[in-house]
Amino acid sequence: MDTLVVLKALSNETRYNILQWFKDPDKNFEPQINLPRNSDFKGICVSSIRKKTGLAQSVISGHLVHLQQAGLLESKHISQWTYYRRNEENIKRFKEQLQLDL
C-alpha cells in the first residue's frame, strides 16, 4: 500500500466524507432496495452516494475510482448497479503503516 496515494485520496473533502459515511452506511444512506437480500456484498450504490453529495454521477464515479485505487474501497457490480464498501483490511493496514512512518 502506497501511503502517499492514500493520503492524496483522503486530501479531497468529498472523498474523505464518503469514506466516513461508509463507516455507518445504514445511518448515512437510504436502504439499498436493489441489492439482493442474499448478497454477501453489503455496499452502497453510486446513485445513493450521488444523492448524498448532490454532485453529478460522473464526479462521484471519479472520486470512487480514486478511493478504490488507493485501496480504501472495494466494489462489486450486481445486475445494472455498482456497489461500494470500505476495505476495512486495507484501512487497518494504512493506519498501522502511518503509525510506523510518523
Taken to the nearest 0.5 Å, the spacing of Ser61 OG from His66 NE2 works out to 12.5 Å
For Lys8, the side-chain hydrogen bond (donor to acceptor under 3.5 Å, both in side chains) test, sequence neighbours excluded, returns none
With sequence neighbours left out, the residues meeting side-chain hydrogen bond (donor to acceptor under 3.5 Å, both in side chains) with Ser75 are Gln68
Discussion item. According to a hydrophobic-cluster definition based on side-chain heavy atoms being under 4.5 Å apart (Ile, Leu, Val, Met, Phe, Trp, Tyr only), do Val5 and Tyr16 belong together?
Written reply: no
Apart from Trp81 itself, members of its ILVMFWY cluster (side-chain separation under 4.5 Å) are Leu35, Phe41, Ile78, Tyr83
Rounded to the nearest 0.5 Å, the CG atom of Leu7 sits from the CG atom of Asp101 at a distance of 9.0 Å
Rounding to 0.5 Å, atoms CD (Gln97) and CG (Leu102) come to a distance of 9.5 Å
Heavy-atom nearest pair, Lys76 first then Asp40, reads NZ-OD1, 3.5 Å
inquiry  = Between Gln57 and Ser47, is there a side-chain donor-acceptor contact under 3.5 Å, judged purely by atom types and distance?
reply    = no
Decide yes or no on side-chain contact (heavy atoms from CB on, under 4.5 Å) for Asp2 and Phe94, but give the supporting numbers first.
-> CA-CA 8 Å; Asp2 187 332; Phe94 166 70; over 6 Å; no
In terms of heavy-atom contacts, does NE2 of His63 have more than 12 from other residues, nucleotides or ligands at under 6.0 Å?
yes
message: Does this structure show an ion pair linking Asp24 with Arg86, if we count only N-O contacts that are shorter than 4.0 Å?
response: no
Closer than 3.5 angstrom, by distance alone: can the side chain of Asn87 be matched with the main-chain N or O of Leu73 as a donor-acceptor pair? no
The reported gap from CD1 in Ile18 to CD1 in Ile44 (rounded to nearest 0.5 angstrom) is 11.5 Å
Test side-chain contact (heavy atoms from CB on, under 4.5 Å) applied to Leu19 and Leu10, step by step: CA-CA 9 Å; Leu19 200 60; Leu10 294 175; 3.6 Å; yes
* Asked: Do the non-hydrogen side-chain atoms of Lys92 and Glu88 ever get within less than 4.5 Å of each other?
  -> no
- Query: Does one side chain, of Ser48 or Glu30, offer a donor that lies under 3.5 Å from an acceptor on the other?
  - Reply: yes
Separation between CZ (Arg93) and CD (Glu89), nearest 0.5 Å, reads 6.0 Å
With clusters defined by side-chain heavy atoms of hydrophobic residues (ILVMFWY) lying less than 4.5 Å apart, directly or transitively, does Ile33 cluster with Val46?
no
- Co-membership, hydrophobic cluster, residues Val6 and Leu4, 4.5 Å side-chain: yes
### Message
Grouping I, L, V, M, F, W and Y whenever their side-chain heavy atoms are under 4.5 Å apart, do Val65 and Ile60 come out in a common cluster?
### Response
no
Would you indicate whether the side-chain heavy atoms of Ile49 and Lys52 approach each other to under 4.5 Å?
no
